[in-house]
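By convention in this document, chain letters (A, B, ...) are assigned in the order of the sequence lines, proteins followed by strands, and residues within each chain are numbered from 1.
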Amino acid sequence: MKTIDNSSRRSFLRQAFGAGALVLGARVLPTRALAALETAVFSPNVFVGIKSDGTVLIVAHRSEMGTSSRTMVPLILADEMEADWKRVKIEQAIGDEKYGDQNTDGSHSVRSFFSVMQECGASARSMLEQAAANQWSVPVSQCKATLHQVVHSPSGKKLGYGELAAAAAKLPVPDKSKLIFKKKSEYRYIGKDLPVYDLSDITHGKAVFGMDAKVDGMVYASVEHSPVLGGKLLSFDDKEALQVPGVSRTVEIPAFKPPHAFQALGGVAVIADNTWSAFQGRKKLKVSWDPGPNASYTSSEYKQQLQATARKPGKVVRNVGDVDKGFAAATKILEADYYVPHLAHAAMEPVVAVADFRDGKCTLWAPTQNPQAVQDTVAAAVGIDKKNVICNVTLLGGGFGRKSKPDYCAEAAILSKQLGKPVKVVWTREDDIHFDYYHSVAALYMKAGLDQSGKPVAWLQRSVFPSINSTFALDVKSGSAGELGMGFTDTPYALPNHRAENGEAVNHVRIGWLRSVANIYHAFAVCSFADELAHAAGRDPKDYLLDLIGPPRLVDLKAQGVDYPNMGPIEQYPVDTARLRKVVELVAEKSGWGKRRLPKGHALGIAAHRSFLSYIATVVEVAVSPAGKISIPRVDMAVDAGMIVSPDRVRSQFEGAAVFGASLALMGEITATAGKIDQSNFNNYPVVRMNEAPLETRVYIVESDAPPAGVGEPGVPPFAPALCNAIFAATGKRIRELPLSRQKLV
Amino acid sequence: MITLKINGSPRQFDGDPEMPLLWYLRDVVGLTGSKFGCGMGLCGACTVHQDGVAIRSCVTPVRGVVGKEVTTIEGLSNDSHPLQKAWEALNVPQCGYCQVGQIMQAASLLKQTPKPTDKDIDDAMTGNICRCGTYQRIRAAIHLAAKEKA
Ligand code: FES
Ligand code: FES
């Protein structure tokens, strides 16, 4: 549901675009945001303007954390509008519900806004053509917008966009149904590889990240939190802290009220005139805490509980045929327990925010994936109306889901209100790892029955994990349909008897989305187990996988009674096994599956997974040294993400996903002891470095006219199982628990 | 009061000489190109040059660079260093946060080893984390810059 509106009266745009500017807006109501916006009063939203000097201003309303949304979403508009990219200036939007969804999460920037950007671009183009036709008194059909100017074809007369802007602004915005869109063959930028907007600023150290934000009169804060979630501050002694040069005072931040959601955790802030003094002062604080009930949380015990639950029947979330009958008829039964620990996001930029509370308004500068959530969270934290929270979005030094949760912004706002001056809250790396919203720990139980020929006649899978919903509600024990729909209730295999169950788990830490979310543990178990079955059947894993996926078809989960949210309209984005088959076949061919001669100790593993509406198949080549050391010489990935805006940026996301996947598979593990997180920095929460990363990742993009799907996340899930399947092929050792650093291969 | 030389210019500092160079550069001088990633010398985001050699500014107190030439990304080149050109030609950055440290580390490598092998690159660059995972392109960009320079 999208409509276009003339919105030239928006005052902030007048400021941004100058008088006489042509301003177009679109009312945007992507399905994802529908519920949130239904009751909202809609102001027209604005995405594009032209200045009289011809500069085209395009608003980037999505956050930039490395996926290139800030460039590629505006680029769609520029292309449709026939703007010259060299004369486009990108303006980063503040948080404002007028833009529709701004939560740069869930791999949907292009997916949700492709057609919105096209509509805005086509409207602008058509109004400029009309303005030129009026000026020349010729039919508009003879006027064509081409690269920042309108040309009168018969006479060759030309008018630049800047010259036409004022006249175009007086015209009515065309009805959406009247818009004519460029043909794919006419695209100027889409499908080409343009560099990202901020490239040169990044390489020259001029790009402004949250960590770089600075405002006049700002002080710096470092906050001591309860080491255990929900612990109570008993007392603190700041005498020594206050003696540290540069430290001015300490401030107590009240504890959150459960459920914690995005509230500030609470604690004691040390205020100083520079970051380092704040850190030093904090080390001198003496704080005593009552750790509270979450002190019962110890990962080694919790793991056993999860695994015990997974061994017992759970709530049935998908049921096809009759697995019990299937098992009774099977000639071979396989069972396996899989386990994936908590993970931390560990973006290179620890969370940080600047807030300036004055005159009943709070202005923030923050590396946030979700500036509207910043508005809501800060408004509640300092007791003002959401519209008085102005959230400026800086570049993000990585996000991976962590920076969708603005607890750190609330901290800065609370402190600024209390101190009456701008405050920058800087988390140390230790804070970032100790107080993350962790990727959920999960235990899975898998059971299959094979017939004489090795075909699966029954397949049972159980998933047990503390749910992200526990962030927002108390007493949550079951997985949400959204989490279960990430690779668990949507397993696209052709199985006559298939049952999926979810067991209960209680949460003790903050849990949150991390790049590809529940797909990580679900794909690990499902894609590894598929490989186990192939070997049990004595068949080639790729051939077996194709048989499991079965014939090309649309999997109708609704008909199977599955509560399956999908991530987009199911009519537009069905679960299409033809596309999954195709990426498997493509990656097999390109990787030389079954054909490539490999050195001793090397082997290939394969996995395929649909997530964020994209279809990915991955082949990992592993090398295991005689001492059991793992290296990854090559990764091949076939990607069907529908229509692509920038092939190079898609490739880079998948190259990055291979490294992210390698980190979690090889060494990613967060554990707790008595409620306190054991890891603290890159020494004990290592991530992959250059010498451990896949040496080469090759990405093959399937040409597609299907609607655009996700790119940032879906490369991650198939990586770990493909790697572990390769390890099995190389060593005969089946890996069912991550990370690999815990396993002995020889 | 101590005197430091940052990107060719002398600067006086009368604060705590134990303050790490990183925070002096960022909070006192206002040169924010060098980044904070770990504060323990584990990630390389804060890499600058001391007399042309890469150091971790987060674990180097300002007193330690008295009498030395400190170069940050802001002073690496007048316009573009061959590495910056190579980085742009290959579209290396994703989020970009680590990239200044990567470029400073690579610049130090090329100064000592103008034609690095893959092994040389691994050895020099392993202290620089890129959580976005741009390692493959970093490697290619270093090779490209080495080729262009020769
Ligand atoms: S911030 Fe200096 S090495 Fe990480
Ligand atoms: S580009 Fe994001 S950490 Fe390297």
Non-hydrogen atoms of chain A under 4.5 Å away: do they reach the side chain of N128(B), the backbone, both or neither?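 Contact with chain A: backbone only.
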Give, as side chain, backbone, both or neither, the part of T134(B) having an atom under 4.5 angstrom from any heavy atom of chain A.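 Neither part, no heavy atoms under 4.5 Å.
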For the pair [X] (side chain) and [Y] (backbone), establish whether a donor and an acceptor sit closer than 3.5 Å, ignoring hydrogens and angles.
X: Y97(B); Y: A347(A); answer: no
X: N681(A); Y: C38(B); answer: yes
X: Q94(B); Y: S652(A); answer: yes

If you count heavy-atom pairs within less than 4.5 Å of chain B, which of [options] leads?
options: M218(A), E692(A), Q653(A); value: Q653(A)
options: V426(A), N683(A), L395(A); value: N683(A)
options: E349(A), E696(A), R649(A); value: E349(A)
options: V659(A), T67(A), T203(A); value: T203(A)
options: P350(A), P245(A), P195(A); value: P350(A)

Taking atom [atom1] of [X] and atom [atom2] of [Y], what is their separation to the nearest 0.5 Å?
X: M690(A); Y: Q105(B); atom1: CE; atom2: CD; result: 10.0 Å
X: S68(A); Y: N91(B); atom1: OG; atom2: CG; result: 10.0 Å
X: Q84(B); Y: I202(A); atom1: CD; atom2: CD1; result: 12.5 Å
X: E18(B); Y: W276(A); atom1: CD; atom2: CH2; result: 6.5 Å
X: S34(B); Y: M211(A); atom1: OG; atom2: CE; result: 13.0 Å
X: T275(A); Y: R26(B); atom1: OG1; atom2: CZ; result: 7.0 Å

Side chain, backbone, both or neither of [X] within contact of chain B (heavy atoms, under 4.5 Å):
X: L396(A); answer: backbone
X: M65(A); answer: backbone
X: A346(A); answer: both
X: S663(A); answer: side chain
X: L695(A); answer: both
X: V208(A); answer: neither
X: R70(A); answer: neither
X: F209(A); answer: side chain
X: Q280(A); answer: neither

Intermediate values then yes/no, side-chain contact (heavy atoms from CB on, under 4.5 Å), N274(A) and M19(B): CA-CA 10 Å; N274(A) 66 77; M19(B) 180 184 279; 3.5 Å; yes
Which of residues 136-144 of chain B get closer than 4.5 angstrom to chain A, counting heavy atoms alone?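 Listed by number: Q136(B), R137(B), I138(B), R139(B).
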So which bits of residues 53-76 of chain B come within less than 4.5 Å of chain A, counting non-hydrogen atoms only?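 Within residues 53-76 of chain B, the residues that come under 4.5 Å of chain A (heavy atoms only) are I73(B), E74(B).
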Show, in sequence, the C-alpha distance, side-chain angles and deciding distance for M125(B) and N691(A), and conclude whether the side-chain contact (heavy atoms from CB on, under 4.5 Å) test is met. CA-CA 8 Å; M125(B) 302 303 295; N691(A) 60 337; over 6 Å; no
Between D27(B) and K214(A), does any side-chain N to carboxylate O distance fall below 4.0 Å?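 A salt bridge is absent here (no side-chain N lies under 4.0 Å from a carboxylate O).
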Kindly check if the number of other-residue, nucleotide or ligand heavy atoms within 6.0 Å of NZ (K629(A)) is above 12?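 Result for NZ/K629(A): open.
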Out of I103(B), L83(B), D122(B), which one racks up the most heavy-atom pairs below 4.5 Å with chain A?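 Maximum pair count with chain A is reached by D122(B).
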With chain A, which of G33(B), C130(B), G37(B) has the greatest number of heavy-atom pairs at distances under 4.5 Å?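 Ranked by heavy-atom pairs under 4.5 Å with chain A, first place is G37(B).
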For R689(A) and I129(B), run side-chain contact (heavy atoms from CB on, under 4.5 Å): C-alpha distance rounded to whole Å, both residues' side-chain angles, the deciding distance at 0.1 Å, then the answer. CA-CA 6 Å; R689(A) 294 171 181 274; I129(B) 295 173; 3.5 Å; yes
State, to 0.1 Å, how close L199(A) and P93(B) come at their nearest heavy-atom pair, and which atoms those are.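 The pair with the smallest heavy-atom distance is CD1-CD, 3.5 Å.
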Can you name the nearest heavy-atom pair linking V688(A) to Y135(B), along with the distance?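 Nearest pair, atom of V688(A) first, then Y135(B): O-OH, 2.6 Å.
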Is the F36(B) ring parallel, tilted or perpendicular to the F279(A) ring (thresholds 30°, 60°)?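 Tilted.
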Candidate list Q99(B), H81(B), E88(B), test side-chain contact (heavy atoms from CB on, under 4.5 Å), partner H204(A), passing option: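 Single pass found, and it is E88(B).
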